[in-house]
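Right, one structure below, let's go through it.
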Amino acid sequence: MTAITYLDAISQAIREEMRRDEAVFLLGEDVGTYGGAFKVSAGFLEEFGPERVIDTPMSEAAIIGSAVGSALMGMRPIAEMQYIDFITCGFDQIINMASKMYWRSGMPVPMVIRGPSGGGTKGGPFHSASPEAWFFHTPGIKVVVPSTTYDAKGLLKSAIRDNNPVLFLEHKLLYRQPELRAELPDDDYTVPLGKAIVRREGEDMTVLTYGAMVYQCMQAATVLEEEDDLEVEVVDLRSLTPLDRETIMESVKHTNKVLIVHEDALTGGIGAELAAILAEELFEYLDGPITRVAAPDAPFPYAPPLEAAFLPNAEKILTAARKLAAY
Amino acid sequence: MTAITYLDAISQAIREEMRRDEAVFLLGEDVGTYGGAFKVSAGFLEEFGPERVIDTPMSEAAIIGSAVGSALMGMRPIAEMQYIDFITCGFDQIINMASKMYWRSGMPVPMVIRGPSGGGTKGGPFHSASPEAWFFHTPGIKVVVPSTTYDAKGLLKSAIRDNNPVLFLEHKLLYRQPELRAELPDDDYTVPLGKAIVRREGEDMTVLTYGAMVYQCMQAATVLEEEDDLEVEVVDLRSLTPLDRETIMESVKHTNKVLIVHEDALTGGIGAELAAILAEELFEYLDGPITRVAAPDAPFPYAPPLEAAFLPNAEKILTAARKLAAY
Amino acid sequence: MEMERADLLQIYYFMRLTREMEERTRKLFLQGKIVGGVYTAQGHEATTVGAAMVLRDGDCIVPQHRDLGMHLVRGTSPRAVMCQWLARGNSPALGRDGQVHIGDMHHGIVPMISLLGESLSVGCGIALTLKRFKRSGVVLASCGDGATNTGQFHEALNFASVQKLPIVFVIENNGYAYSTPSHKQFAVKDLADRAKAYAMPGESVDGNNVLEVMTAVGNAVENARNGQGPALIECKTFRVRGHSEADKADYVPPELRAEWLKKDPIKRFEEYLQKKKILTAARKDEIEASIKAIINDAVDFAESSPQADPSTVADFVFAPDGPIALIGSTQAQDERYVNSLDRRTGQPFNSVNQVPLTLPEEVGKR
Amino acid sequence: MEMERADLLQIYYFMRLTREMEERTRKLFLQGKIVGGVYTAQGHEATTVGAAMVLRDGDCIVPQHRDLGMHLVRGTSPRAVMCQWLARGNSPALGRDGQVHIGDMHHGIVPMISLLGESLSVGCGIALTLKRFKRSGVVLASCGDGATNTGQFHEALNFASVQKLPIVFVIENNGYAYSTPSHKQFAVKDLADRAKAYAMPGESVDGNNVLEVMTAVGNAVENARNGQGPALIECKTFRVRGHSEADKADYVPPELRAEWLKKDPIKRFEEYLQKKKILTAARKDEIEASIKAIINDAVDFAESSPQADPSTVADFVFAPDGPIALIGSTQAQDERYVNSLDRRTGQPFNSVNQVPLTLPEEVGKR
Ligand SMILES: Cc1ncc(C[n+]2csc(CCOP(=O)(O)OP(=O)(O)O)c2C)c(N)n1
Ligand SMILES: Cc1ncc(C[n+]2csc(CCOP(=O)(O)OP(=O)(O)O)c2C)c(N)n1
Ligand SMILES: [Mg+2]
Ligand SMILES: [Mg+2]
């Protein structure tokens with residue numbers, strides 16, 4: 001068994017599902033001959049042929065619309081957005097076609113829309129998107145945000161097997177990170193949608209986060225333990241829809257303080273809903289203000305110094321956590 | 001001076017701005033010969049001619065894209081979405097073109113995107129949208145949600161004169177409501193963007209709301225005064241971006257309890273951010289859980305009994321307010 | 001197109017049924033029994049019925065808002081339609097959606113959404129699946145003249161042509177998009193010319209001549225069936241009523257409307273059938289009686305159907321887990337597969353379909 | 001197209017300058033001085049320079065990612081370009097955006113976004129304004145073969161044709177969209193055929209022959225100027241390098257690339273100029289020296305320019321209040337108008353433009 005990357009895990013998940021179930025197929029720009037802009041589907045065309053690995057024209061709406069049509073036929077399409085930023089060009093197909101179909105017709109639309117999201121890769125304003133909030137607010141589509149190699153594979157398999165539209169947000173900064181290399185089980189495992197995981201236990205504070213920010217939070221947590229002798233509990237949400245309220249509530253009930261961290265812009269982000277749920281349902285349990293660390297309300301900048309200043313990081317989390325702890 | 005409707009006020013605002021400033025023009029589907037699906041621009045074609053009142057093909061992306069282009073030239077286009085639901089078809093032009101233009105190029109994009117939003121009109125899943133949350137989360141575009149005839153005119157004028165993209169959400173349920181008829185000043189008044197207004201003062205609880213829900217909240221407030229002897233303060237946000245934090249904070253600081261009401265779906269809606277801001281910044285002031293009343297996390301249904309059950313109303317607000325008051 | 005009298009009578013029958021159902025729908029609207037927008041398609045019957053008549057089992061329609069005729073020909077029951085208009089709890093959308101937003105993949109019917117143009121690429125996805133499994137099925141996707149100006153139209157036709165998909169696109173050019181006349185929508189004279197942007201065969205036909213429509217669409221469908229790829233057929237017709245029943249359409253020159261009313265597709269076909277002695281007075285009476293009965297049954301059924309249950313307002317947002325069957329496969333009949341039934345009700349899809357359309361004897365079984 | 005020697009030398013000059021700037025950009029990328037995606041356009045120079053050369057003051061370009069040549073011809077300074085590539089704080093985007101996402105409406109240059117196809121309808125809006133005020137200006141909007149498959153392309157060309165806008169669309173068909181060859185993108189042989197969907201004149205030309213490009217685009221631009229509406233010109237060229245500098249492009253058959261390398265637009269034009277005795281060895285040396293100097297100046301300037309200031313990361317999201325001038329009007333020079341200056345800096349737009357491109361004497365002033 002060899003340690004593989006987060007990217008390899010995604011590639012494996014798709015390949016294994018395509019081998020397992022002929023209903024599964026992949027379509028998108030440059031996914032065939034080229035194997036995808038990030039090589040997620042390298043070798044797929046050779047193995048599965050052009051009817052299951054479809055190089056499409058540059059037509060995001062047609063990619064997603066065709067996925068809906070084949071899903072209605074009982075297929076399990078995986079639609080790749082070359083960068084998740086381009087999902088805005090197929091937005092209506094997701095909002096009005098895919099997400100409302102089962103609800104109004106009773107006909108399931110089992111499909112996955114996936115692609116590289118997130119910043120930290122010098123991608124600038126059009127190749128760094130964190131689009132989760134738009135879809136988190138949209139009933140009828142699930143939203144998944146894996147942070148580890150193990151989860152990337154297990155969650156993607158669950159997404160492919162799910163009978164609903166699932167937006168699977170891969171964080172491109174994690175694609176090839178050596179630290180994320182992991183040996184995965186040989187057996188066909190899945191990670192269920194809608195289940196968060198506690199990455200680190202602690203009594204003093206709950207940190208709610210997901211995606212690449214999990215690592216910044218873990219770093220900060222280590223420093224807080226060593227320097228401040230604080231035990232921070234880090235909860236990796238893994239799925240945003242469905243949201244694992246139980247795990248969140250349980251953690252906050254015993255720490256009584258909450259820090260929410262995400263890479264996406266602050267206003268109207270995922271953190272807003274998490275804070276609202278807690279402020280409403282755990283009011284008695286809170287011993288301090290619900291604190292958020294997120295990107296500023298500005299588009300995503302290109303220049304390295306700006307990108308560094310824009311993204312949340314361990315240092316910013318540390319500052320916020322210390323303030324909250326001291327409260 | 002005669003009392004005019006909310007719809008008339010919108011029509012007047014555009015007409016007066018077009019008379020005042022030749023840079024202002026209107027484009028959209030059926031806005032010319034037909035005067036718009038709701039007759040907002042009835043008579044405009046005759047008065048301003050086909051170069052300033054442009055009947056476009058059914059091409060939302062081209063409508064918004066053309067608006068961006070003319071705005072870059074120094075024009076002040078008003079792009080009508082026949083129903084605001086169709087904004088999903090021009091989504092990318094708003095997110096990636098209009099909203100990021102000034103930030104990355106220094107060139108202002110003074111444009112308004114406006115149209116009928118909201119439910120209660122038996123419009124079903126595709127003619128009842130409340131799309132504010134997507135854009136509230138998008139840096140670089142302002143979002144305005146008028147609830148009265150006076151504000152509809154004054155805010156629309158401010159939106160047209162603003163040097164940024166502004167999404168102006170008209171609530172179609174209010175268009176012709178007799179109760180909303182009002183006599184407006186003859187002079188050229190405006191209502192500033194980013195300023196909320198206290199519709200009703202009270203000590204016992206703050207209700208934060210906007211759009212058509214303002215009336216449901218006012219109804220509930222009256223009942224609470226009469227039957228429960230509770231003084232509820234109702235704050236009409238009027239603008240979502242920019243958000244009037246001062247007015248919100250001030251109110252909550254003296255009532256210490258907050259009920260948030262909106263028509264849009266609960267999860268990730270505007271209420272989430274409002275709750276998050278208050279849970280973070282006014283933690284000490286809160287004497288009860290921040291409570292939200294909103295639509296369920298489901299698409300907007302067509303059948304009257306479903307629509308009635310779906311939408312928040314005075315009764316639901318009353319129940320929530322009583323629970324909160326009793327806390 | 002050579003056809004037997006029974007076929008010809010059936011065509012006529014569906015055209016009349018479509019017209020009468022819409023008349024009745026309009027009445028229900030005027031009586032305030034239907035809320036929201038009501039779109040009808042008087043004048044489109046030759047196009048909608050004609051295009052659908054050339055299809056067979058295993059084919060699929062992707063209809064739009066004026067395509068009641070296609071629905072009826074392909075098996076959407078009048079009861080389902082009336083329950084949907086009256087927003088009943090047992091309507092295909094369970095009251096969640098209205099109008100002819102009705103679908104059932106087991107019958108090859110895709111439920112449209114209001115956003116026009118969007119359904120076309122969904123049709124491509126269906127055609128992609130039919131092609132992948134070497135099914136003989138063909139997709140018939142329709143749209144209006146206005147919808148040809150959406151980016152969706154372009155992306156769908158382009159993708160279909162690149163993939164040589166078994167799909168036929170039918171444009172119902174009725175002269176207007178809401179109030180907007182053709183010259184404000186596009187510069188081409190014939191929308192069939194848009195096929196040239198995709199190296200796709202394109203043809204413009206008289207959309208008020210049902211046999212002409214059937215010939216053109218029929219050939220295109222057979223070509224698609226034989227692996228020759230997609231085609232675009234423009235049916236030139238006219239929307240003789242308003243865009244919706246709320247629209248007086250005073251923007252339409254009266255003489256233009258009058259001219260088209262003279263070309264009424266049903267009148268023309270009726271004269272043809274009478275000249276051919278296929279439609280006798282007796283037959284006509286039987287047909288009208290049958291249509292009346294069917295519509296009365298549908299309306300009575302709908303009116304006596306329950307309202308949607310408000311306690312379910314937050315339900316059915318997500319489909320349950322379980323295996324999904326390939327539509328058209330034997331498994332699709334197996335209840336263990338999630339999409340074999342409408343899991344919202346545990347019933348077959350559009351269970352109001354269960355009373356099938358029974359045509360009068362002489363019109364022949366389908 | 002008859003031209004004086006000075007014009008011809010200028011064309012050659014800009015083609016060479018474009019090629020050399022991209023060579024240098026590539027070096028900077030390999031040195032790790034440029035981060036993120038680097039797109040160059042070796043082989044496109046006849047198309048990008050040729051198309052832009054036919055424009056005049058008051059015209060506007062809507063360039064895409066391979067259009068450095070258009071930028072240089074229309075006045076984007078090499079310093080601005082290099083500051084942008086090096087993400088400096090004084091770059092046109094103030095480091096917020098990169099690549100050739102550069103614009104300045106006062107110079108008729110629209111800053112592209114990465115999402116391809118989206119800029120085309122923005123071009124329509126500009127043309128709409130030029131037409132409204134009876135300006136003689138014309139918009140030149142370019143896109144790749146891949147971008148012609150976006151819904152945006154369709155909506156923009158359709159709207160332009162309906163409104164008879166003064167806009168010319170130039171397709172740079174370089175055989176590939178990233179790794180995707182033409183036959184997987186569209187079924188038409190000539191993308192100029194797409195004009196037929198809009199009743200728009202369309203022409204396909206050799207995109208590696210600068211004079212042919214200038215003739216075709218020049219005629220289309222003059223027709224647009226004279227109120228005859230839009231046109232579509234397909235320039236057939238080839239992307240002889242990778243999609244980006246990170247792309248080895250091993251999916252391109254070597255013989256195909258070799259064939260196109262033989263047709264290198266600069267080599268061909270050079271031979272033509274030499275045969276005509278317009279480009280002497282001496283001239284060539286002068287031109288090369290001047291280009292070298294300009295590029296060195298630009299790179300030095302950029303490298304000595306400040307990094308973007310992180311303390312401004314949340315700034316400039318909204319434009320300030322105040323009057324807005326019609327671009328091209330006298331007011332547009334008046335500082336009281338918000339859009340007369342870059343309010344983010346208080347400086348003129350692209351202030352790094354301030355050192356203008358000085359051509360060597362014999363190449364002539366512009
Ligand atoms: C994407 C989208 N934009 C706008 C509308 C509003 N709308 C409803 S019908 C219509 C006109 C449609 O014209 P056409 O496609 O010719 O169909 P017709 O109604 O004439 O049959 C418009 C603009 C819509 N339904 N969808
Ligand atoms: C809307 C959109 N989808 C996908 C992409 C990703 N992408 C960047 S360049 C490219 C290929 C573009 O091909 P073409 O239009 O022919 O331009 P070329 O690069 O060949 O000059 C793609 C798919 C994008 N930039 N925008
Ligand atoms: Mg029409
Ligand atoms: Mg290309």
Side-chain angles (χ1 to χ4, degrees), chain B residues 21-23 25 27 49-52 54-77 79 89-90 92-93 95-111 138-142 158 161-166 193 241-242, chain D residues 60 62 92-94 96-97 101-105 110-111 113-115 118-133 139 151-152 154-156 158-160 162-163 315-322 324-329 331-332 337-339 341-345 349-350:
Chain B
D21 180 355
E22 67 165 5
F25 73 101
L27 74 167
E51 291 198 307
R52 295 185 68 189
I54 303 175
D55 274 323
T56 67
M58 189 162 65
S59 307
E60 283 74 17
I63 291 168
I64 298 171
S66 300
V68 173
S70 51
L72 283 171
M73 285 294 288
M75 306 296 286
R76 294 186 177 278
C89 298
D92 185 65
Q93 287 288 356
I95 300 304
N96 285 312
M97 190 67 75
S99 302
K100 296 175 180 175
M101 185 62 78
Y102 177 76
W103 170 82
R104 68 191 187 95
S105 75
M107 298 188 288
V109 179
M111 61 184 277
T138 302
I141 182 167
K142 299 183 178 183
S158 295
R161 297 177 193 186
D162 195 274
N163 288 341
N164 296 282
V166 180
L193 306 187
T241 310
Chain D
C60 185
V62 183
L94 307 190
R96 272 133 186 89
D97 199 357
H101 297 194
I102 297 176
D104 174 355
M105 289 304 293
V110 176
I113 63 173
S114 295
L115 294 95
E118 301 286 308
S119 298
L120 298 169
S121 60
V122 174
C124 291
I126 294 163
L128 206 52
T129 311
L130 294 170
K131 183 179 178 213
R132 157 108 182 264
F133 293 102
V139 177
Q152 294 289 321
H154 180 64
E155 292 194 4
N158 184 60
F159 188 53
V162 169
Q163 290 285 330
D315 300 348
F316 313 138
V317 175
F318 288 107
D321 292 340
I324 295 272
L326 180 64
I327 296 293
S329 70
Q331 292 147 328
Y337 289 82
V338 172
N339 57 341
L341 288 179
D342 185 339
R343 297 291 162 182
R344 301 171 305 169
T345 60
F349 286 93
N350 299 0

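Protein chains get the first letters and strands the later ones, always in sequence-line order, with residue 1 at the start of each.
Neither the backbone nor the side chain of B:Ser158 comes within less than 4.5 Å of any heavy atom in chain D. For a residue to count as touching a neighbouring chain, one of its non-hydrogen atoms must lie under 4.5 Å from one of that chain's; by this rule D:Glu118 touches chain B with backbone and side chain alike. Contacts between D:Ser119 and chain B at a heavy-atom distance below 4.5 Å involve backbone atoms as well as side-chain atoms. With a 4.5 angstrom heavy-atom cutoff, D:Phe133 touches chain B only via side-chain atoms. Using a 4.5 Å cut-off between heavy atoms, D:Asp321 contacts chain B through both its backbone and its side chain. Contacts between B:Arg52 and chain D at a heavy-atom distance below 4.5 Å involve the side chain alone, from C-beta outward. Using a 4.5 Å cut-off between heavy atoms, B:Asp92 contacts chain D through both its backbone and its side chain. When heavy atoms are compared at a cutoff of 4.5 Å, B:Ala61 approaches chain D by way of both its backbone and its side chain.
Interface remark: of the candidates D:Val62, D:Leu115, D:Leu326, D:Leu115 forms the most heavy-atom pairs closer than 4.5 Å to chain B. Between chain D and the residues B:Pro165, B:Pro110, B:Ala62, B:Pro50, the most heavy-atom pairs under 4.5 angstrom are made by B:Ala62. Here D:Arg132 is the residue among D:His101, D:Gln331, D:Arg132 with the most heavy-atom pairs under 4.5 Å with chain B. Contacts with chain B were tallied for D:Gly322, D:Cys124, D:Gly151; D:Gly322 has the most, counting heavy-atom pairs under 4.5 Å. Between chain D and the residues B:Gly69, B:Pro139, B:Gly74, B:Pro108, the most heavy-atom pairs under 4.5 angstrom are made by B:Gly69. Ranked by heavy-atom pairs shorter than 4.5 Å toward chain D, the options B:Val68, B:Val109, B:Ile141, B:Ile64 are led by B:Ile141. Ranked by non-hydrogen atom pairs under 4.5 Å with chain B, the options D:Gly123, D:Pro320, D:Ala156 are led by D:Pro320.
The shortest non-hydrogen separation linking D:Phe349 to B:Met107 is CE2-CG, 3.4 Å. When all heavy atoms of B:Phe25 and D:Leu128 are compared, the closest pair comes out as CE1-CD2, 4.5 Å. Nearest heavy-atom pair across B:Ile54 and D:Gln163 is CG2-NE2, 3.5 Å. Of all non-hydrogen atoms in B:Tyr102 and D:Phe316, the two that sit nearest each other are CD2-O, 3.3 Å. For the residue pair D:Pro111 and B:Met101, the shortest heavy atom distance occurs at CG-SD, 3.6 Å. Between D:Asp315 and B:Trp103 the shortest heavy-atom distance is O-CD1, 3.5 Å.
Annotation: the span from D:Asp97 atom CG to B:Lys100 atom NZ amounts to 9.0 Å, rounded to 0.5 Å.
Counting only residues at least two apart or in different chains, side chain to side chain donor-acceptor pair (under 3.5 Å) contacts with residues 120-131 of chain D comprise B:Gln93-D:Ser121. Applying the side chain to side chain donor-acceptor pair (under 3.5 Å) definition to pairs two or more places apart or across chains, those involving residues 57-77 of chain B are B:Arg76-B:Asn163.
No side-chain donor-acceptor contact under 3.5 Å links D:Arg343 to the backbone of B:Gly106.
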Q: Could you give me the CA-CA distance, side-chain angles and deciding distance for D:Val122 and B:Met97, then say whether side-chain contact (heavy atoms from CB on, under 4.5 Å) is met?
A: CA-CA 9 Å; D:Val122 174; B:Met97 190 67 75; 3.8 Å; yes
